[in-house]
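First up is the structure itself, then whatever we jot down about it.
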Amino acid sequence: MKAVILSGGEGTRLQAISCGLPKPMMPLLGTPLLEHTVALLRENGFNRLCLTLHYQPQVIREHFQNGAAFGVSIEYREEHFPLGTAGAVLNCRDFIGDDTVLVISGDSACDFDLSALAAGHRRGVTIALTAQSDPLPYGLVITDRAGSVTGFLEKPPWEQVVTDQVSTGIYVLSPDVLEHIPVGRPYDFAKDLFPRLLDLGVPMRGQVMDGYWCDIGTPRAYYQCNLDALNGLYHLPCVQEASRRVIPCRDRARLMRAVSEAMAEFGADFTNGLTVTFPNGKVHLAPLAEQSALFLEGDRAAVYKMETLAKKLNETM
């Protein structure tokens, strides 16, 4: 199946911490958010991907190349000026062809069942929705009991809030929908295309998704998303991939003692080096015989958590 990832964002509100990285390449537990998104799509059967690029396109191209290392096939479409969300997808028309396509934002983290979303699509547009107790920063989608979209509210004040359903920026589009997007000028899904489709009577359906979703657009949201991943609230597709790290140190035995003492309260197993099980994975840590260093191996998020702790302890020794 095909998917388009909107990856052109600069992340203006994240500039204080992004160090010039494109927004989708911001690290989430040591791995770019966009890499987690690619893994999620692969897990859900989307193995042909097209990434839309604008800001710092070479950073994304160099990291993913043709996608083979990530188990997918990747093409790129670069915008020389911002085309908006819908315009960027239209720029991928030759990639999409006559196929139904899933569109997902490279700026958001989620663990939705995207294959189920695609399977439930019939025609027109299917919008992935999530319930938010504080929906003010988002675009609200009003549906009837059958799930048909009846209206949109873009970032309304509280006195206009009539639903908790917000758009996640994940859509399934039938190919004929692209015919309603004008060529060569900025055009957005939420602001331009969807209200027009509603007026034209094009079938539009909203599906409330189970699982985690977060737009990392602000430093606070980005920080919270990392915490949620560490605490197992956000299931990272990459978490279960084996990860290995080597931490050079001055005194491996002393550092092992410090780490072991810190981990004792978590029910650590000391029978073969040190093994700790966190809510988001397991990690094994042991000193290397041939050099003054520690070796870590385990689930990606757990390794990252232990590596961070060990490096901090090593700096204070």
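- Interatomic distance, Gln56 CD to Met25 CE, rounded to the nearest 0.5 Å: 10.5 Å.
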Worksheet entry | Residues Val283, Thr275; criterion side-chain contact (heavy atoms from CB on, under 4.5 Å); working and verdict | CA-CA 6 Å; Val283 59; Thr275 301; over 6 Å; no
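- For Asp210, the CG atom is loosely surrounded, since the number of other residues' heavy atoms within 6.0 Å does not exceed 12.
- Summarising the geometry of Pro287 relative to Leu294, their closest heavy-atom pair is CA-CD2, 3.8 Å, with the distance given to 0.1 Å.
- By the rule that hydrophobic residues join a cluster once side-chain heavy atoms approach within less than 4.5 Å of another member, Tyr76 and Ile96 end up as members of separate clusters.
- Side chain of Arg252 to main chain of Ala289: a donor-acceptor pair is present (N/O by atom type, distance under 3.5 Å, no hydrogens or angles).
- Among all heavy-atom pairs drawn from Cys50 and Cys92, the shortest one is SG-SG, 3.4 Å.
- Below 30°, between 30° and 60°, or above 60°: for Tyr234 and His36 the angle between ring planes is above 60°, a perpendicular geometry.
- One hydrophobic cluster holds both Leu255 and Phe270 under the rule that ILVMFWY side chains link at heavy-atom gaps under 4.5 Å.
- In this structure, CE on Met306 lies 6.5 Å from CG on Leu309, to the nearest 0.5 angstrom.
- Note: the hydrophobic cluster containing Leu227 does not contain Val303 (ILVMFWY, side chain heavy atoms under 4.5 Å, direct or indirect links).
- Note on Glu315 versus Lys311: no salt bridge recorded, every NZ/NE/NH1/NH2 to OD/OE distance being 4.0 Å or above.
- Residues Val183 and Val4 fall within the same hydrophobic cluster, defined by Ile, Leu, Val, Met, Phe, Trp and Tyr side chains chained together at heavy-atom separations under 4.5 Å.
- Lys2 forms no cation-pi arrangement with Phe46, by the criterion of a distance under 6.0 Å to the ring centre and an angle within 45° of the ring axis.
- The pair Arg245-Glu297 does not meet the salt-bridge criterion, since no charged nitrogen lies less than 4.0 angstrom from a carboxylate oxygen.
- Looking at Asp164, its side chain never comes within 3.5 Å of a backbone N or O of Ala131 through a donor-acceptor pair.
- Taking CD1 from Ile170 and SG from Cys110, the interatomic distance works out to 4.0 Å, rounded to the nearest 0.5 Å.
- Between the Ser148 side chain and the Asp144 main chain, no donor and acceptor come within less than 3.5 Å of each other.
- Put simply, the side chain of Leu197 reaches to within 4.5 Å of the side chain of His180, judged on heavy atoms.
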Item to complete: Go through His63 and Glu35 one step at a time and tell me if the side chain to side chain donor-acceptor pair (under 3.5 Å) criterion holds.
Response: CA-CA 9 Å; His63 185 87; Glu35 189 173 329; 3.0 Å; yes
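- Between Arg77 and Asp94 a salt bridge is recorded (basic side-chain N to carboxylate O distance below 4.0 Å).
- Not a single donor-acceptor pair under 3.5 Å links the side chain of Ser174 to the backbone N or O of Val177.
- Within the 3.5 Å criterion, the main-chain N or O of Ile5 finds a donor-acceptor partner in the side chain of Ser7.
- We find the CE-CG distance between Met26 and Leu34 to be 13.0 Å, quoted to the nearest 0.5 Å.
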Item to complete: Decide yes or no on side-chain contact (heavy atoms from CB on, under 4.5 Å) for Val161 and Leu140, but give the supporting numbers first.
Response: CA-CA 8 Å; Val161 171; Leu140 277 60; 4.1 Å; yes
Discussion item. Quick one, Thr163 with Val141, criterion side-chain contact (heavy atoms from CB on, under 4.5 Å). Give me CA distance, side-chain angles, the key distance, then yes/no.
Written reply: CA-CA 8 Å; Thr163 181; Val141 181; over 6 Å; no
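- No donor-acceptor pair under 3.5 Å is formed between the side chain of Asn91 and the backbone N or O of Gly87.
- Rounding to the nearest 0.5 Å places CG of Asn272 at 4.5 Å from NE2 of His284.
- Interatomic distance, CD of Gln65 versus CD1 of Ile60, reported as 13.5 Å (0.5 Å rounding).
- Taking both residues in full, the closest heavy atoms of Leu274 and Ala268 are given as CD1-CB, 3.4 Å, listed atom of the first, atom of the second, then distance.
- By the 4.5 Å heavy-atom criterion applied to side chains, Val149 and Arg205 are not counted as neighbours.
- In terms of modelled atom types and a separation under 3.5 Å, the side chain of Thr316 and the main chain of Leu313 share a donor-acceptor contact.
- Side-chain heavy atoms closer than 4.5 Å link hydrophobic residues (I, L, V, M, F, W, Y) into clusters, and following such links, even through other members, never connects Leu129 to Leu153.
- With hydrogens and angles disregarded, a donor-acceptor distance shorter than 3.5 Å links the side chain of Asp111 to the backbone of His235.
- Considering only heavy atoms from C-beta on, Thr143 comes within 4.5 Å of Gln165 through its side chain.
- Scanning all heavy atoms of the two residues, the minimum distance from Asp251 to Arg254 falls at OD1-N, 3.1 Å.
- Considering only heavy atoms from C-beta on, Glu75 stays 4.5 Å or farther from Leu49 through its side chain.
- Aromatic ring pairs are classed by plane angle as parallel below 30°, tilted from 30° to 60° and perpendicular above 60°; the pair Phe194 and Phe189 is tilted.
- Taking the side chain as every heavy atom from C-beta outward, Val72 and Leu41 never approach each other to under 4.5 Å.
- Residues Val125 and Val172 have side chains not in contact (no heavy-atom distance under 4.5 Å, counting atoms from C-beta outward).
- Of all the heavy atoms in Pro27 and Leu21, the pair that sits closest is CD-CD1, 4.2 Å.
- Residues Val166 and Thr130 form a side-chain contact, since some pair of their non-hydrogen atoms from C-beta on lies under 4.5 Å apart.
- Between Phe112 and Thr168, the closest heavy-atom pair is CE1-CG2, 3.8 Å.
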Worksheet item: Going through the distances and angles, do Lys23 and Tyr55 end up as a side-chain contact (heavy atoms from CB on, under 4.5 Å)?
Response: CA-CA 9 Å; Lys23 187 178 174 184; Tyr55 178 72; over 6 Å; no
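- A donor-acceptor pair under 3.5 Å is absent between the side-chain atoms of Asp188 and the main chain of Asp192, judged by distance alone.
- For Arg250 (side chain) and Met317 (main-chain N/O), a donor-acceptor pair under 3.5 Å exists by modelled atom type.
- Considering only heavy atoms from C-beta on, Leu198 comes within 4.5 Å of Phe152 through its side chain.
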